[in-house]
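Scroll down for the structure; my scribbles are underneath it.
To find a chain, count down the sequence lines: A is the first, B the second, and so on, and within it residues start at 1.
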Amino acid sequence: MEKTVLIELRGISKAFDGHKVLQGIDLNIYDSEFITLLGPSGCGKTTTLRIIAGFETPDEGSVLFEGADMANVPPYKRNVNTVFQRYALFPHLNVYDNIAFGLKLKKVPKDEIANRVQEMLELTSLKGFEQRQIATLSGGQQQRVAIARALINQPKILLLDEPLGALDLKLRKDMQVELKRIQKLTGITFIYVTHDQEEALSMSDRVVVMSNGIIQQIGTPEDIYNEPCNAFVADFIGESNILDGVMVKDYVARFAGQTFTCVDAGFEPNEPVDIVIRPEDVDVVPANSSKLTGTVTQVTFKGDYYEIIVDVCGFKWMLETSDYVAPEETIGLKIDPDAIQVMHKSEYSGMFGDYSAFSDEGDEMLDPALGGIPQEEESGDE
Amino acid sequence: MKKLGRFYAGLMYLLLYAPILVMVLYSFNAKKSTSTLSFSYGAEKYTFGHWYREVFASGGALIPLRNSLILALLTAFISMVMGTLAAYALYKLRLKYVKRVITSVTNIPMMNPDIVTGLSMMLLFATTFYVMGAGGTGFATLLIAHVTFCLPYVILSIMPRLRQMDKNLPEAAMDLGCTPIQSFFMVQLPFLAPAVLSGFVMAFTLSLDDYVVSLFTSGPSFETLPIYVYNMARRSVPPSIYAISTLFLVLVLGLLILSNTMQSRLEKKISSHSERTQKNQ
Amino acid sequence: MNKNRNAKYMSMLSLHSVWCVIFIVVPLLFVLYYTFTDEQGHLTMGNFLYLGTPEILKCFGISIAYALAATVVCLLLAYPLAMVIANIPAKNRSLATLLVMLPMWVSFIIRTYTLKNLFNDNGIINQLLEAFVGLLKNIPAFSSMDFTPIRFIGTSGLIILGMVYDFFPYMVMPIVNVLTGIDPRLHEAAYDLGCTPWTGFLRVTLPLSRSGIVSGITMVFVPAVSTFYISSTLSGGLVSLVGDKIEAAFLTEGNFNRGSALSFVLMILILLSLFVMNRFGDKESEELAP
């Protein structure tokens with residue numbers, strides 16, 4: 001991929017009140033790409049965004065825009081615009097004046113402003129809303145105004161800080177498509193922050209997975225999903241069974257008491273590793289035709305498939321199957337070589353991947369997205 | 001239950017307004033003294049409406065009224081500007097202890113009885129004039145005193161609005177090209193405007209009604225209406241004072257009704273407008 | 001960055017801080033100075049001897065008793081009214097609260113003086129009574145009746161009434177504000193869980209409105225305990241409260257030292273009561289905190 005580098009983050013570190021929020025972030029952002037910073041609350045993604053916008057100054061490291069250091073450039077002189085988490089629309093102005101705000105500051109002639117506002121209203125399907133007060137708009141409409149208000153300034157880069165966080169599921173899906181369309185149409189670089197992995201995978205050209213102020217993995221959505229580099233990424237993106245294993249030699253891995261052929265190489269002989277197997281990559285076969293067997297402990301109907309939990313020698317696996325199996329039944333598990341993803345051991349090893357305590361309710365309670373808008377990464381403003 | 005509540009509320013309002021009614025009645029008194037109420041206009045030389053004519057004719061109470069209005073306007077304006085600035089800076093300041101100390105000191109006049117606020121300032125002014133060997137209490141000392149006891153109320157009315165402000169709002173303004181100063185005047189101040197305005201009105205009211213602090217900090221050169229009335233009331237309040245108070249109350253009532261109807265009309269306009277645009281969808 | 005930011009806001013605060021020091025802190029230091037010196041400027045505790053005289057002790061006692069009585073009466077009268085107002089639909093509620101506040105636009109002095117007009121020996125109430133007695137005289141059975149005006153002026157009841165009337169809106173407003181802020185679903189939840197209207201009030205509404213009650217009590221008690229006009233007007237100069245003593249010391253006797261000592265003690269008294277009241281308020285916010 002030969003692309004021009006638009007933004008370079010070099011060794012960015014930041015701490016609030018002695019608490020390290022970012023630790024040595026290196027990242028290149030290319031022209032016209034849709035890049036997503038993905039991670040749980042407090043991972044440093046919003047701080048990274050705010051540093052790019054200029055609202056925070058890094059303690060260490062530098063931000064380069066097309067090669068120029070931005071250290072002393074205040075936010076209002078950067079060719080960057082932001083769509084804020086709760087939109088931050090100006091409540092004393094109507095839709096038109098909100099969108100025209102940036103251009104009025106630049107003293108753009110009135111008729112040009114009018115034309116460009118019309119363009120933006122069309123782009124964001126807001127025609128006819130010009131005179132409406134902000135308070136009378138729905139969440140989705142406010143979202144569109146926020147996007148129009150930012151895009152009208154024709155920034156090189158648009159920063160989006162969990163822009164869909166306050167919308168309900170249906171609207172979220174619509175806006176995801178809409179945002180992607182707008183990004184393609186305008187060719188503007190989008191830097192998108194979210195904690196929703198599904199959102200990240202479906203919209204982005206590249207995804208940056210962050211945790212504890214460190215970039216865990218950068219790659220296309222496919223890379224991130226199929227070849228997670230450690231247990232954290234594997235667990236955060238989609239459902240995963242993560243097992244302790246040993247890489248006997250190249251292309252041979254041993255886990256769950258059995259030896260399997262796999263497609264990975266380049267590890268030390270007998271190196272301890274983490275093994276990731278996605279639930280949908282395991283085939284359910286009769287017990288006698290597989291070397292790996294287990295007892296079904298739980299079956300959940302999910303519409304187009306069944307989600308089952310299988311006890312294999314005390315380790316609970318999650319599998320997805322389109323054929324019904326009964327609880328207490330003993331089944332065989334068939335795993336193809338390319339379904340086995342081998343990862344080096346990391347600080348996250350052993351923290352995730354067992355489904356013994358799993359239930360949908362428990363999972364939801366842990367998901368910050370469902371507990372209202374997460375107040376993550378406070379810049380210490382209060 | 002509901003009827004009982006209404007009856008009770010009605011009774012309370014009646015009691016609340018009985019003295020006000022007395023004031024209005026006395027403003028039409030047929031006697032010069034307010035010790036007794038009388039409407040037998042023929043018996044004395046005072047005809048119906050005499051006291052209202054006197055207010056405008058003699059000008060006795062008009063000058064204190066004018067003084068009071070000037071003082072209240074200036075007080076309200078100065079404490080509005082200073083209070084907005086202070087509230088904003090206090091809100092943004094990260095030094096917890098400095099913040100707490102400044103807030104507590106600012107609030108002292110609100111907690112302290114007015115009489116202590118007044119006399120403590122009197123001591124300060126008296127000493128200052130004694131050391132300087134010149135000067136005396138008057139307009140300037142009154143203004144200082146009034147601003148001082150109005151400031152905490154202005155700050156108190158602005159603070160909650162500041163807390164309501166989306167923290168990203170000033171950032172959004174800067175993001176769209178505002179300098180910090182432009183962001184304050186174009187975005188944050190308009191957002192704070194209702195609270196700033198109510199702070200202004202509050203300071204205006206407090207200043208207009210104050211007589212305790214004024215008693216200690218005013219001089220003969222500048223008499224406000226409450227002080228004028230206070231001095232009169234030591235002997236007996238003449239009906240003309242009731243007349244001027246009645247006029248003032250009617251004026252305030254008129255302004256309040258006007259602002260209320262304007263507000264509700266504005267709201268109606270906005271809601272009908274949004275209905276129309278929704279129909280156009 | 002943080003340091004720069006703080007420096008910026010500190011400089012914005014500088015004018016305000018200087019103002020507060022000169023016009024709030026320094027004057028209070030003067031009060032302190034005069035409290036502990038005599039008229040020649042010598043350090044003394046003599047002013048406290050004056051405070052210890054039975055006359056002054058009694059005066060403090062009466063002031064506190066009157067102010068407490070007025071505060072309690074205000075609370076008892078204002079709370080039901082606040083509840084009625086809080087239950088009015090939002091549209092008309094602003095009018096109702098406006099009507100409570102409106103009398104405050106009439107000068108405090110005049111409001112108090114009209115009470116005197118009402119309750120004087122030959123005031124409106126006595127005039128009405130006299131007229132009533134006059135009517136009764138036409139009936140033969142009452143023809144021997146004689147009218148003697150009822151003496152209200154100087155009674156403690158009238159002074160307390162004066163305080164209640166003058167400071168009543170200060171009690172109503174904070175309670176209305178708190179009551180309108182209570183989620184109506186809480187009442188429904190209370191009924192749902194088996195509360196009768198009365199126990200629901202005791203267990204839900206009353207505890208939740210405590211902060212409003214506390215600020216109402218403060219806003220009535222502080223001016224009531226330090227007032228100097230109400231008592232002298234409504235007692236014809238017979239009863240003098242702490243406020244009257246302070247006013248006289250400063251404005252007629254010119255004895256700054258005694259006046260300062262009086263206000264010093266008054267201030268300590270009020271600070272103590274505010275402290276106690278705020279402890280109640282704090283307790284509530286702790287309980288409500290998640």
Choice from C/I109, C/V84, C/I85, C/T218 maximising heavy atom contacts with chain B below 4.5 Å: C/I109
Taking side chain as everything from C-beta outward and backbone as N, CA, C, O, which of these in B/M121 sits under 4.5 Å from a heavy atom of chain C? Side chain, backbone, both or neither. both
Interchain contact, B/Y211 with chain C, by part (heavy-atom threshold 4.5 Å): side chain
Side chain, backbone, both or neither: which part of B/V98 has a non-hydrogen atom closer than 4.5 Å to chain C? side chain
Checking B/M110 against chain C: side chain, backbone, both or neither under 4.5 Å from a heavy atom? neither
Between C/F228, C/Y34, C/F256, C/Y33, which shows the greatest number of heavy-atom pairs under 4.5 Å with chain B? C/F228
Please give me the minimum heavy-atom distance between B/I144 and C/W19, naming the atom from each residue. O-CZ2, 3.7 Å
Side chain from CB out, backbone as N, CA, C, O: work out which of these in B/I115 comes under 4.5 Å of a heavy atom of chain C, or both, or neither. side chain
Under 4.5 Å from any heavy atom of chain B, what part of C/P223 do you find: side chain, backbone, both or neither? neither
Mind checking whether C/L102 and B/Y17 have side chains closer than 4.5 Å, heavy atoms only? yes
Looking only at heavy atoms, the pair that brings C/L115 and B/P19 closest together is CD2-CG, 4.0 Å
At a 4.5 Å cut-off on heavy atoms, which part of B/L251 comes close to chain C: side chain, backbone, both, or neither? neither
C/F23 and B/L151, any side-chain heavy atoms less than 4.5 Å apart: no
Looking only at heavy atoms and a cut-off of under 4.5 Å, which of C/P169, C/A96, C/S94 has the most pairs with chain B? C/A96
Less than 4.5 Å apart, any side-chain heavy atom of C/I24 and any of B/P109? yes
Side chain, backbone, both or neither: which part of C/V31 has a non-hydrogen atom closer than 4.5 Å to chain B? both
Passes side-chain contact (heavy atoms from CB on, under 4.5 Å), C/S107 versus B/L225? Steps please. CA-CA 9 Å; C/S107 174; B/L225 189 63; over 6 Å; no
Report which part of C/M104 has an atom under 4.5 Å of a heavy atom belonging to chain B: side chain, backbone, both, or neither. backbone
Taking atom OH of C/Y191 as the centre, report whether more than 12 heavy atoms of other residues, nucleotides or ligands fall under 6.0 Å from it. yes
Region of C/F264 in contact with chain B, defined by heavy-atom distances below 4.5 Å: neither
Smallest separation among heavy atoms of C/S17 and B/I102, with atom names: OG-CD1, 3.8 Å
Hey, could you give me the OG1/CD1 distance between B/T148 and C/I22, rounded to the nearest 0.5 Å? 10.0 Å
I'd like to know whether B/L119 forms a side-chain contact (heavy atoms from CB on, under 4.5 Å) with C/S263, so could you lay out the CA-CA distance, the side-chain angles of the two residues, the decisive distance to 0.1 Å, and finally the verdict. CA-CA 9 Å; B/L119 69 91; C/S263 37; 3.7 Å; yes
Just by distance, do the side chain of C/N6 and the backbone of B/L93 share a donor-acceptor pair under 3.5 Å? no
If every non-hydrogen atom of C/H16 is compared with every non-hydrogen atom of B/M82, which pair is closest and at what distance? CA-CE, 4.5 Å
Contact part of C/I124 toward chain B, heavy-atom cut-off under 4.5 Å: side chain, backbone, both or neither? side chain
Of the backbone (N, CA, C, O) and the side chain (C-beta and beyond), which part of B/L249 lies under 4.5 Å from a heavy atom of chain C, both, or neither? side chain
Side chain, backbone, both or neither: which part of C/L251 has a non-hydrogen atom closer than 4.5 Å to chain B? side chain
Name the member of C/L98, C/V25, C/L15 that forms the most heavy-atom pairs with chain B at distances under 4.5 Å. C/L98
Engaged part of C/V100 at the chain B interface, taking heavy atoms whose separation is under 4.5 Å: both
When the 4.5 angstrom heavy-atom criterion is applied to B/T246 and chain C, the contacting part is neither
Check the pair C/S260 / B/L123 against side-chain contact (heavy atoms from CB on, under 4.5 Å), numbers first and verdict last. CA-CA 9 Å; C/S260 294; B/L123 290 176; 3.7 Å; yes
Between B/Y13 and C/L99, is there a donor-acceptor pair closer than 3.5 Å when you use the side chain of the first and the backbone of the second? no
B/Y26 portion near chain C, given a 4.5 angstrom heavy-atom threshold: side chain
Which region of C/F168, side chain (C-beta onward) or backbone (N, CA, C, O), has a non-hydrogen atom less than 4.5 Å from a non-hydrogen atom of chain B, or is it both or neither? side chain
Against chain B, label C/L77 side chain, backbone, both or neither, depending on which of its atoms sit under 4.5 Å from a heavy atom there. both
Is any side-chain heavy atom of B/V212 closer than 4.5 Å to a side-chain heavy atom of C/F108? no
N/O donor-acceptor pair under 3.5 Å between B/Y88 side chain and C/M12 backbone: no
Is there a donor-acceptor contact under 3.5 Å from the side chain of B/Y242 to the main chain of C/I110? no
Testing the 3.5 Å rule here: is there a donor-acceptor pair between the side chains of C/W105 and B/T205? no
Please look at B/V105 and chain C and tell me whether the side chain, the backbone, both or neither of the residue comes under 4.5 angstrom of a heavy atom of that chain. both
Give the C-alpha distance, both sets of side-chain angles, the deciding distance and a yes or no for side-chain contact (heavy atoms from CB on, under 4.5 Å) between C/I270 and B/M111. CA-CA 8 Å; C/I270 286 172; B/M111 300 295 175; over 6 Å; no
Can you see which heavy atom on C/Y165 is nearest to which on B/L15, and at what distance? CE1-O, 3.9 Å
